[in-house]
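Notes for the one structure printed next.
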Amino acid sequence: MWVKRARIVGVRVARLVRTGARRFLPGIRYLLRAVQRKWRRSLQFRTVLTTLLLAIGSFAVVGAYLSNQIANNLFQERLAQAESETRYNVKQVQDTFDGAQVTDQSSVITLVYDTLNAVEGRGSVIQRRYVFEAMPEQTKPRNRWVESRASDQLTIGVIPPDLRKAVQDSGKDQYWASTQFPVGTEDRPGIAVGNKVTFNGTVYELYLIYDLNTAQKTLDEIQNVLLAGGALLVLMIGGVAWYVTRNVVSPVSHAAVVSEKLAAGQLQERMVVKGEDEVARLGASFNHMAASLQEQITQLATLSQMQQRFVSDVSHELRTPLTTVRMAAEVLYDAREDFDPINKRSAELLYNQVERFQSLLADLLEISRFDAGAATLDAEPTDIVQLVSHVIEGVAPVAAEYGSAVTLNAPAGSIIVDMDDRRIDRILRNLILNALEHGEGRPVNISVAANDTAVAVAVRDHGIGMTPAEAARVFDRFWRADPARARTTGGSGLGLSIAAEDTKLHNGWLQAWGSKGNGSNFRLTLPLRRDEPITRSPLQLEPVNVGLPGTGNQQTVLLLDPPPAASTPAVAAPPVETPSVAAPSVAALRVEAPPVDAAGASGAVDGGTTPDGFTDDVTDGSVTVGRMIPDNGPAGPRDTGTEGRA
C-alpha cells in the first residue's frame with residue numbers, strides 16, 4: 001500500500017516537473033537567444049558583461065583566499081591559547097590530586113567535583129568545558145569511587161576516537177583535535193585538548209573542550225563584509241565600464257549610422273562633433289571625408305549627366321546627316337557595276353561602314369535611354385520557343401557564311417513568358433551572332449528549358465572560348481577580349497551591354513561561362529511571370545561536356561545545315577515541311593523526333609546524348625540539355641563563369 005502511494009506521489013511530482021519545464025523552458029530559451037543576439041550586436045554590452053564576469057571571478061578568487069587566511073589565523077590563535085591554558089590547568093589538577101588527603105567516598109567525590117569545577121568556566125579568551133573519564137582496561141582499586149565526570153550535556157562521545165587513542169597510548173604528552181559539541185539545541189565548533197592525570201592510583205583522561213563559536217561568528221561577519229563589499233565593488237566596476245564604453249562606443253555607433261545613410265545616398269549627413277579629444281578628431285575627419293566624397297560624387301554625377309546628354313544629343317544630331325550619307329552610299333553601291341575596280345571597291349567599303357556607323361548610332365541611342373532611365377518594358381505573354389526559332393531563322397545567312405550548324409533543343413509545346421519580345425529578340429540575336437562569330441565554324445547549340453518560376457535559354461559555341469577573367473568583363477561597354485581581332489560582323493561593342501540592360505528590365509539573369517579552346521556558354525534566365533523572383537535557373541551554366549557535340553535522340557531540334565564540307569547529324573524521322581531559309585547554302589529546317597514504339601506512341605529516351613554532348617535524361621517526352629536542374633535542385637555552379645546578373 002505504501003509502495004503504491006509512493007509511486008502515485010512520484011508520478012505526480014514528475015508531471016509537475018514536466019509542466020514547469022514546458023512553461024519555463026521557452027522563456028529561458030528566449031532569454032538566452034536575446035542575450036546571444038545582444039552579445040553579437042552590441043560592443044558596449046559585450047564589454048560591460050565581460051568586465052563584470054572578470055571582476056566577479058577575480059573577487060571570488062581573492063575573497064576565497066582572504067577568507068581562508070583569516071579563518072586559519074583565527075584557528076591557530078585559538079589553538080595556541082587552548083594548549084597553553086590546558087597545560088596550566090592540568091598541572092593544577094594534578095597537583096591538587098597529589099596533595100589530597102581523603103579516604104572516604106564522599107570526600108573523594110567532593111574533591112574531584114570542586115577541582116574540575118574550578119577548571120571549567122571562562123578562560124582568558126575562550127570558554128571551556130571538560131570531560132573526565134577513567135581509562136578502560138585497568139584494575140579497579142577499592143578506593144576508586146569516581147568513574148567519569150563531564151560539563152552539562154557533554155559525554156565522552158564528543159571526543160574524537162583518534163584523540164582518545166592518542167591520549168591513551170601516550171605518556172604525559174598533550175594532544176588536540178577539532179570537534180563539535182552540543183550546547184542547548186545547536187552544535188558548536190570547538191577544540192578538544194587531552195591529557196592524562198592520576199588520582200589514588202587510577203589513571204584518568206582529562207579533556208578540556210574550548211568553544212570556538214565566537215571565532216566562527218567573527219569569521220562569518222568578515223565573510224559577509226567581504227561578500228557585500230565585493231558585490232558593491234562589482235556593481236561599481238560595471239557602472240564605470242558602462243560609462244566609459246558608452247562614451248567610446250556611442251560616437252562609433254553614430255558614425256556607423258551616418259555611414260549607412262551616406263551609403264544610401266544621403267550625402268548631406270554628418271556626425272556631431274563635441275570636444276577636442278581623439279573621438280572628436282575622428283568625427284571631424286569623418287565629416288571632412290564625407291564632404292570630400294559628396295563633392296566628388298556630385299562632380300562625377302554632373303560629369304556623367306553631361307556625358308550622357310552629350311552622347312544623346314550627338315546621336316540625335318547625327319541621325320539626319322547619316323541618313324543623307326546612307327542614301328548617297330546606297331546610290332553609289334547600286335551603281336558600283338559601272339565603276340572601275342578602285343571606285344567599285346570604295347563604294348562597297350563606304351556602304352558597309354555607313355551600315356556599321358548606323359548600327360553603332362542606334363546602340364548609342366539605346367544606351368543613352370538606359371542611362372537616362374527612359375527605357376520602359378512592354379511585357380506581354382509570348383511563346384519564347386517560337387521567338388527563339390524566329391531568331392534562328394533570321395541569323396541563317398550568317399550561319400551559312402561561317403559554316404556553323406545551329407541546333408535548338410527545347411521541350412515540346414509552348415513556354416509562355418511575360419516579356420518584351422522586341423528586347424528578348426535583340427538579346428538572343430546578339431548572343432547567337434556572337435556565338436557564330438567566335439565559333440570558328442563549329443556547331444552552335446541553343447537550349448531552352450523551364451521550371452515552375454523561370455525559363456532559361458543557353459547559347460553554346462565550341463570556338464575560341466574565353467578565360468574566367470575575360471568572362472567577368474564580357475558585359476562591359478566597348479570591351480573586346482582581343483582588340484586586334486577584326487569585327488567581321490560589324491558589331492559596335494555595345495551588344496552585350498544592351499543585352500544586360502534589357503535583362504535587368506525583366507528582372508532576369510544574364511550569365512557567361514567560357515573555357516579557352518572549348519568555347520563559351522551564355523545563359524539567359526527570365527521569370528515566367530512578371531515581377532516574380534528567380535530562385536534557380538532550369539539550365540546549368542557550365543556545360544557538363546565541353547567537347548564537340550555528338551549525335552543523340554532529340555525531341556525538338558531545329559537544324560541549320562552548314563555547307564557541304566561540314567557533317568550534320570543523321571535525321572531520325574522524315575523531315576517536316578517548314579518555311580525555307582533565304583540563303584543558298586542553308587537547307588530547310590528539319591525536325592528530329594524521338595523513337596516511336598509499336599503502338600505509335602512516343603517512347604521515353606534513356607541515356608541519350610544531346611547535340612551539345614550533354615546527358616539526356618528524358619523520361620516524359622521532353623529533352624534535357626546541359627543537365628537541366630530539377631525544380632527542387634540547386635542551381636548550377638557559377639564560380640567558373642560570370643554572373644552578368646541584371
Side-chain angles (χ1 to χ4, degrees), residues 1-72 74-75 152-164 177-192 209 211-239 241-242 535 631-634:
M1 185 177 193
W2 289 103
V3 173
K4 185 176 181 180
R5 290 182 178 179
R7 290 179 179 174
I8 294 174
V9 172
V11 171
R12 291 179 178 177
V13 171
R15 289 178 179 174
L16 289 175
V17 171
R18 286 198 301 269
T19 303
R22 290 172 183 171
R23 290 182 178 179
F24 291 106
L25 279 180
I28 295 174
R29 291 174 181 171
Y30 175 78
L31 181 61
L32 292 177
R33 286 195 296 267
V35 171
Q36 186 179 11
R37 184 167 57 252
K38 192 72 173 177
W39 175 274
R40 292 196 310 266
R41 297 183 178 181
S42 176
L43 176 62
Q44 183 178 3
F45 176 79
R46 190 162 59 245
T47 303
V48 173
L49 185 59
T50 303
T51 303
L52 287 177
L53 293 177
L54 293 177
I56 291 173
S58 302
F59 286 134
V61 173
V62 173
Y65 174 76
L66 291 178
S67 178
N68 181 67
Q69 290 296 317
I70 292 172
N72 185 58
L74 284 174
F75 182 80
D152 299 335
Q153 305 173 3
L154 299 185
T155 63
I156 193 62
V158 301
I159 306 301
D162 294 340
L163 178 58
R164 289 199 65 189
S178 298
T179 185
Q180 286 185 340
F181 60 94
V183 177
T185 58
E186 63 176 348
D187 290 336
R188 293 184 179 182
I191 300 175
I209 302 174
D211 191 351
L212 298 182
N213 189 50
T214 56
Q216 183 63 45
K217 290 182 178 179
T218 302
L219 181 61
D220 292 342
E221 291 177 359
I222 294 174
Q223 289 177 345
N224 291 335
V225 170
L226 289 176
L227 183 61
L232 181 60
L233 193 56
V234 166
L235 293 178
M236 292 177 61
I237 291 176
W242 177 83
T535 57
D631 291 345
N632 58 355

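Predicted, not measured: the structure shown is a model, and the values here were computed from it.
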Is the closest side-chain heavy-atom distance between I191 and F75 below 4.5 Å? yes

Minimum heavy-atom separation for P160 to A177, with atom names? CG-CB, 4.1 Å

Can you tell me how far the CG atom of L233 sits from the CZ atom of F59, to the nearest 0.5 Å? 3.5 Å

Going from CG on L52 to CG on L235, what distance comes out if it is rounded to the nearest 0.5 angstrom? 8.0 Å

When rounded to the nearest 0.5 angstrom, what distance separates CG in D187 from CG in N213? 11.0 Å

Is the closest side-chain heavy-atom distance between T51 and W242 below 4.5 Å? no

If you measure from CZ on R188 to OG1 on T214, what distance do you get to the nearest 0.5 Å? 9.0 Å

How about I209 and I159: do any of their side-chain heavy atoms sit closer than 4.5 Å? yes

Within 6.0 angstrom of R40 CZ, more than 12 heavy atoms from elsewhere: yes

Identify the two heavy atoms, one from T179 and one from A192, that lie closest to each other, and give their separation to 0.1 Å. CG2-CB, 4.0 Å

Can you name the closest pair of heavy atoms from Q223 and S67 and give their distance? NE2-OG, 2.6 Å

D220 CG to K217 NZ distance, which is reported to the nearest 0.5 Å: 9.5 Å

Indicate yes or no: at least one non-hydrogen side-chain atom of W39 is less than 4.5 angstrom from one of L49. yes

Rounding to 0.5 Å, atoms CD1 (I222) and CG (L74) come to a distance of 6.0 Å

Give a yes or no answer on whether the side chain of S42 reaches the backbone of K38 with a donor-acceptor pair at less than 3.5 Å. no

Flag the pair V158 / P182 as yes when at least one side-chain heavy-atom distance between them is below 4.5 Å, and no otherwise. yes

